[in-house]
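See structure below.
Below, all heavy atoms of this structure are taken into account, side chains as well, without hydrogens, waters or symmetry copies. These numbers come from a predicted model, not from an experiment.
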Amino acid sequence: MSQRVHPLNDQVSKHNIPYGDQPTHVEGGHPPGLFVLFFTEMWERFSYYGMRALFVLFLTSTIANGGWAWEREEALQLYGIYTGLVYLTPIIGGYIADRFLGFRNAIIFGALLMTLGHASMAMETVFFFYVGLGLIILGNGLFKPNISSMVGQLYANNPAKKDAAYTIFYMGINSGAFLGILLCGYIGEKVGWSWGFGLAGIFMLFGMLQFMFSKKLFGNIGLATKNQIDTGADTETKAVEDPAHVVRDRIIVISILAFFVIFFWMAFEQAGGSMTIFAADYTNRVLEGSSGTLFKWANAILVVVPMLILTAVLGNLFRQTYKNIPFSNFFLGLSFVIIWGIIIWMLRREFISDATEVPASWFQILNSFFIISCAPLFSKIWESKYNPSAPVKFAIGLFLLGLGFGILAFGGLSIPQGAKTASVSMVWLILAYLFHTLGELCISPVGLSYVSKLSPPRLVGLMFGIWFVANFIANTLAGWTGSYIDKITETYSISTFFLIFTILPAVAGVIMLALNGTLKKKMHGIT
């Protein structure tokens, strides 16, 4: 999922204090605070991706269906501006938390802004729609980088477990995205847009409340510097920096990787834009007979199994913290009761229905599902003797992304020039999401890791800032390029449109392979 961990401010202050009398682990030696952050992030991603799944569909839907009947070009341009700014404001939010609010207050304030933003969008007026977008953008900037930083601070005295902690946290990201797209998308399309937007806000509120009432678990972690307790620790030893030419070369590598990542996310982020339009208007989503029944059961398993796992994690947290953070556990437990109720209602509604129509937003959940399914395999490859260099991983990711769009281009060959609707098999979209996710696993976590490893200690924040600016540019370009879907379809075909996103990443991948030797030398031993 594109949902990417943002360790902008993963700096551990010498003033942070441990848990004291609080339980030190839930499972595997991890502190309970990790799982509070896990669920807080899960509900934030639920709200973000739940709303994003509806964004273009709502704007382009007809007035009769409750939408605003915008032209696709206008909707996709606004989508690009919105998703772009979401990756720009964390740079500012990280600075504000560092200098003024502290991580904890920034998370709470950001969550509150996003809750108000989703509530505004649920009102479905032009004024409040834009106000809602603005609040979500600002809130995300305060929330996103700082909750990831708190994860790092939890392991100040146990850095060996930090990688495992971020892996658990990453599962929270994808679990939230999965559930948000599935449930907000379903309710928005099947019941009403306001209900879908509102549901995103409700769970953002639950995430904020369960975090607010869990402060006992964090001690001094995440507080503003002026509020931290000086434990009398020695001043941290200044990190020894590599020679100037080595630092310069590694910064060049980061800059080149950041440039090429633009081509990846520009194409990948068509998921919420042109690919959603393809799902809504060009894909046969009505299933009959055994196909419909098979989908109902597959969808039920797809939803229930992850929820059972999440509920088990919730139970472990409750057993460790029910005396220490009762109000936090109350809101977290209530959120799960509501989510289980919605899931049971949704599945029952689908099973008793004679017709089966797959929501257009449903296909976006495949990214999170494939990440959760395939991430362990990629992790093993990266730890084996077959682990390729960073440029090669980037090239593979770009090739896989291009292959996914090539499959869509092939699947759209039967769609006539200029057609506004069609009914091609959903298999093409499913395969495209599979290859896009495999590409993401080669680039997203790998890129963050190499920025961290290649950056000199004094410039880590700046280098991550450059990385997020690249994401901002990519998301903005995604909306702008996606807005040409109608013009290119009318002049050529929709296959031609997707072929563009096949060629661009492939060419970028070839260039990255050609640069492999040079970049490896400039990394000066970093692997």
Listed by chain and number, what are the salt bridge (charged side-chain N to carboxylate O under 4.0 Å, His left out) partners of [X], not counting sequence neighbours?
| X | answer |
| --- | --- |
| Glu490 | Lys420 |
| Lys520 | none |
| Lys487 | Glu73 |

With side chains defined as the heavy atoms from C-beta onward, is the minimum distance between [X] and [Y] less than 4.5 Å?
| X | Y | value |
| --- | --- | --- |
| Met346 | Leu183 | yes |
| Val126 | Phe129 | no |
| Leu515 | Pro391 | no |
| Leu85 | Thr476 | no |
| Arg52 | Tyr79 | yes |
| Ile81 | Trp480 | no |
| Thr489 | Tyr484 | no |
| Leu78 | Glu74 | no |

Starting at [atom1] of [X], measure out to [atom2] of [Y] and round the result to the nearest 0.5 Å.
| X | Y | atom1 | atom2 | value |
| --- | --- | --- | --- | --- |
| Thr83 | Ile137 | OG1 | CD1 | 9.0 Å |
| Thr283 | Leu408 | OG1 | CG | 8.0 Å |
| Tyr186 | Ser361 | OH | OG | 11.0 Å |
| Leu135 | Leu113 | CG | CG | 6.0 Å |
| Ile202 | Cys184 | CD1 | SG | 9.0 Å |
| Ile494 | Phe278 | CD1 | CZ | 5.5 Å |

* To do: Could you walk me through whether Leu179 and Arg45 pass side chain to side chain contact (heavy atoms under 4.5 Å, CB included), step by step?
  => CA-CA 9 Å; Leu179 291 171; Arg45 290 291 87 183; over 6 Å; no
Looking at [X] and [Y], would you say the former's side chain and the latter's main chain have a donor-acceptor pair under 3.5 Å?
| X | Y | answer |
| --- | --- | --- |
| Asn140 | Ile136 | no |
| Ser455 | Val451 | yes |
| Ser495 | Leu413 | yes |
| Arg250 | Leu454 | no |
| Thr496 | Tyr492 | no |
| Ser291 | Leu287 | no |
| Glu269 | Ala474 | no |
| Arg285 | Ala280 | yes |
| Gln77 | Ser483 | no |
| Asn516 | Met512 | no |

Applying ring-ring contact (aromatic ring centres under 6.0 Å, His included) to Phe143 and not counting sequence neighbours gives none
* Heavy-atom count around Phe128 CZ within 6.0 Å, excluding the residue itself: above 12? -> no
More than 12 heavy atoms of other residues, nucleotides or ligands under 6.0 Å from NZ of Lys453: yes or no? yes
Exercise for review: Check the pair Phe405, Phe435 against side chain to side chain contact (heavy atoms under 4.5 Å, CB included), reporting the backbone distance first and the verdict last.
Suggested key: CA-CA 9 Å; Phe405 278 109; Phe435 284 104; over 6 Å; no
Regarding [X] and [Y], is there a side-chain donor-to-acceptor distance under 3.5 Å anywhere?
| X | Y | answer |
| --- | --- | --- |
| Thr356 | Glu350 | no |
| Thr276 | Gln364 | yes |
| Glu440 | Asn367 | yes |
| Ser194 | Glu124 | yes |

Which of Tyr82, Trp193, Tyr48 passes ring pair (Phe, Tyr, Trp, His ring centres under 6.0 Å) with Phe55? It is Tyr82
Do [X] and [Y] have their ring centres less than 6.0 Å from each other?
| X | Y | answer |
| --- | --- | --- |
| Phe295 | Trp362 | yes |
| His436 | Phe370 | no |
| Phe39 | Phe211 | no |
| Tyr386 | Trp382 | no |
| Tyr87 | Phe472 | no |

Tell me, with the steps shown, if Phe363 and Tyr433 meet ring-ring contact (aromatic ring centres under 6.0 Å, His included). CA-CA 8 Å; Phe363 295 92; Tyr433 273 107; 7.2 Å; no
Taking the six-membered ring for Trp, are [X] and [Y] parallel (under 30°), tilted (30 to 60°) or perpendicular (over 60°)?
| X | Y | answer |
| --- | --- | --- |
| Phe197 | Phe58 | perpendicular |
| Phe260 | Phe263 | tilted |
| Phe46 | Trp43 | perpendicular |
| Trp70 | Trp68 | tilted |

Do the side chains of Arg72 and Asp281 get close enough for a salt bridge, i.e. N-O under 4.0 angstrom? yes
For Glu44 and Phe203, run side chain to side chain contact (heavy atoms under 4.5 Å, CB included): C-alpha distance rounded to whole Å, both residues' side-chain angles, the deciding distance at 0.1 Å, then the answer. CA-CA 7 Å; Glu44 188 276 329; Phe203 285 97; over 6 Å; no
Those residues at least two apart in sequence (or on a different chain) that pass side-chain contact (heavy atoms from CB on, under 4.5 Å) with Leu431 are Ile407, Val427
Chi angles and distances behind the side chain to side chain contact (heavy atoms under 4.5 Å, CB included) call for Leu347, Asn299:
CA-CA 8 Å; Leu347 294 177; Asn299 188 51; 4.2 Å; yes
Expected list for residues 393-403: side-chain donor-acceptor pairs under 3.5 angstrom, two or more places apart:
residue	atom	partner	partner atom	Å
Lys393	NZ	Asn387	OD1	2.8

